[in-house]
Asks: 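Mind looking over this structure? Questions follow.
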Amino acid sequence: MRLSQYFLPIMRENPKEAEIVSHRLMLRSGMIKQSGAGIYSWLPLGLKVLKKIEQVVREEQDRAGAIELLMPTLQSADLWRESGRYDDYGQEMLRITDRHGRDMLYGPTNEEMVTEIARDFIKSYKDLPKTLYHIQWKFRDEIRPRFGIMRGREFLMKDAYSFDLDEAEGRKSYNRMFVAYLRTFERLGVKAIPMAADTGPIGGDQSHEFIILADTGESEVFCHKDLLEQSVPDNVDYSADLEAERERWTTKYAATEEMHDAARFEKEVPEERRVSARGIEVGHIFSFGTKYSEPMNCTVQGKDNKMVSLYGGSYGIGVSRLIGAIIESSHDEDGIIWPAAVTPFDIGLLNLKAGDEQTDAACLDMYQKLAAAGLDVLYDDTGERAGGKFKRMDLIGLPWQIIAGPRSLKEGKVELKNRATGARDELSIEDVLQRFIK
Ligand code: ATP
Ligand code: MG
């Protein structure tokens with residue numbers, strides 16, 4: 001993409017309304033624009049990152065055996081009356097009346113709707129297990145939307161729902177999602193720790209929140225330091241028993257505020273290994289058994305021909321919130337530092353003398369070769385001063401910058417800058433191209 005033809009509305013000043021760094025940097029780098037309290041337009045650069053995160057989430061869901069579908073944002077109140085949650089959910093639910101006077105709502109979550117789908121189509125134990133997911137916008141009328149897309153009212157969530165014959169099978173589905181979440185966050189370049197959590201309005205018997213540690217996080221969390229130092233293997237076999245992997249993450253102490261037991265924490269964790277910090281919740285998984293299937297009469301024929309209520313779980317990832325969380329854990333005073341997996345462009349190419357025939361020709365040649373090799377390059381071909389170009393590229397945080405000025409180009413050289421380390425190397429054009437084109 002040529003910057004001269006792109007839409008990248010950079011803000012030079014710090015927006016006053018932004019209290020935390022991720023919100024500030026997202027506004028400044030032209031990723032989002034607020035259109036109402038907790039409601040945002042996704043500008044081209046922000047949308048690119050959102051799509052990348054969505055795709056990583058999708059790939060790891062698919063690998064774990066979950067199946068994608070898409071349910072609508074608008075739901076009928078009657079469905080929620082079946083589970084009893086229409087009255088229980090409270091003011092976070094945006095209630096709407098259509099022209100016929102029918103009560104509807106903008107979905108804050110989809111347990112009821114997916115249970116209706118399971119009820120209609122899953123008839124026998126032979127159809128199990130099934131985990132269905134979608135990546136869809138949610139609306140929750142948060143009392144205090146803040147921190148930009150981190151606590152929005154409209155936000156993008158991946159929500160998966162598992163259906164099993166009994167608790168033992170349900171636990172296997174839960175474990176698959178548990179490990180898929182660890183894989184997802186690892187790929188996104190962030191460290192998210194599963195912590196014992198409260199089940200809240202979703203209800204149920206077991207639950208974990210996946211938390212990224214950050215000073216600006218909204219929850220207070222406590223865990224064993226070992227958990228920050230371990231990682232999940234990348235070649236998970238989802239057809240195997242994942243109980244041991246789950247245990248590797250759940251035997252050591254980790255809990256959010258609501259579930260915290262100070263006495264246990266002090267007893268189980270040696271003082272120098274105790275981490276008490278703030279954290280951002282990027283995922284939350286629940287096992288709730290028959291909480292929805294029973295009142296909604298979602299049953300299948302069991303092995304002995306008796307009808308059985310399906311055993312369920314639900315699993316959310318805050319796709320849009322993740323952008324904020326990634327920026328909170330990956331930035332410096334000059335701007336964002338994108339992990340390679342989610343960066344909006346792979347490389348920024350800076351033409352330091354646009355309009356100069358030779359510089360333009362050399363840059364265009366590099367740009368075309370990189371693009372032909374499948375690399376997504378943002379080519380700064382604008383006539384702006386070098387200082388402004390450097391600042392903007394650092395702000396938007398692409399992992400690599402190729403800096404091309406007439407002086408070094410004369411010797412067939414450019415500079416390659418690593419955004420994370422700041423290291424700048426003068427290399428021949430061929431070497432730089434070879435580095436990216438495999
Ligand atoms: P929170 O405790 O942050 O309000 P929640 O427990 O209500 O979240 P869940 O129902 O578990 O949220 O939703 C799944 C995921 O969706 C959360 O882990 C979070 O990452 C994301 N999420 C929830 N509410 C919001 C919001 N208002 N804005 C952005 N993302 C959100
Ligand atoms: Mg939650």
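Indexing begins at 1, ligand by ligand and atom by atom, following the structure's order.
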Asks: Only heavy atoms of Ile149, strictly under 4.0 Å: list the atoms of ligand 1 that pass.
Replies: 29 (C)

Asks: Out of Asp380, Leu45, Leu43, which one pairs with Leu8 under the side chain to side chain contact (heavy atoms under 4.5 Å, CB included) rule?
Replies: Leu45

Asks: So does Glu384 pair up with Lys391, basic N to acidic O under 4.0 Å?
Replies: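 Lys391 and Glu384: not salt-bridged.
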
Asks: Please determine whether any non-hydrogen atom of Lys138 lies less than 4.0 Å from an atom of ligand 1.
Replies: no

Asks: Of all the heavy atoms in Val282, does at least one lie under 4.0 Å from an atom in ligand 1?
Replies: yes

Asks: Go through ligand 1 atom by atom and flag the ones less than 4.0 Å from a non-hydrogen atom of Glu142.
Replies: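 Atoms satisfying the 4.0 Å criterion: 24 (N), 26 (C), 27 (N).
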
Asks: Taking 2.8 Å as the cut-off, does Glu281 contribute an N, O or S atom near the Mg ion (ligand 2), distance below it?
Replies: yes

Asks: Quick one, Asn110 and Gln136 - any side-chain contact, counting heavy atoms below 4.5 Å?
Replies: no

Asks: Heavy atoms only: which of Arg144, Glu154, Arg151 lies closest to atom 1 (P) of ligand 1?
Replies: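 Looking at heavy atoms only, the winner is Arg151.
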
Asks: Could Arg58 and Glu54 be called an ion pair, given the rule that one side-chain N must be under 4.0 Å from one carboxylate O?
Replies: yes

Asks: Against heavy atoms of Arg140, which atoms of ligand 1 measure under 4.0 Å?
Replies: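 Once the distances to Arg140 are compared, the set is 5 (P), 7 (O), 9 (P), 10 (O), 12 (O), 13 (O), 23 (C), 24 (N).
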
Asks: Checking the N or O distance criterion of under 3.5 Å, is ligand 1 in contact with Ile317?
Replies: no

Asks: Is the contact between Arg321 and ligand 1 made by the side chain, the backbone, both, or neither, using heavy atoms and a 4.0 Å cut-off?
Replies: side chain

Asks: For Gly283, take its heavy atoms, then give the atoms of ligand 1 lying under 4.0 Å from any of them.
Replies: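 With Gly283 as reference, the close atoms of ligand 1 come out as 18 (O).
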
Asks: Identify whether the distance between the nearest side-chain nitrogen and carboxylate oxygen of Lys172 and Asp164 falls below 4.0 Å.
Replies: no

Asks: Taking C-beta and beyond as the side chain, do Ser320 and Trp42 meet within less than 4.5 Å on heavy atoms?
Replies: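 They are in side-chain contact.
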
Asks: Do Glu82 and Pro295 make a side-chain contact, defined as non-hydrogen atoms from C-beta onward lying under 4.5 Å apart?
Replies: no

Asks: Quick check on contacts: which atoms of ligand 1 are under 4.0 angstrom from a heavy atom of His284?
Replies: 6 (O), 11 (O), 18 (O)

Asks: Check for me whether Arg95 meets the cation-pi criterion with Tyr86, that is, NZ or CZ under 6.0 Å from the six-membered ring centre and within 45 degrees of the ring axis.
Replies: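 Here Arg95 passes the 6.0 Å and 45° test against Tyr86.
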
Asks: Closest by any non-hydrogen atom to atom 2 (O) of ligand 1: pick that one out of Arg153, Glu258, Glu281.
Replies: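 Nearest option to atom 2 (O) of ligand 1, by heavy atoms: Glu281.
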
Asks: On the six-membered ring of Phe288, is Arg85 placed so that its NZ or CZ lies under 6.0 angstrom from the centre and within 45° of the ring axis?
Replies: no

Asks: Can you tell me the N, O or S atom of His284 that's nearest the Mg ion (ligand 2)?
Replies: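 Per the distance ranking, His284 contributes ND1 as its closest N/O/S atom to the Mg ion (ligand 2).
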
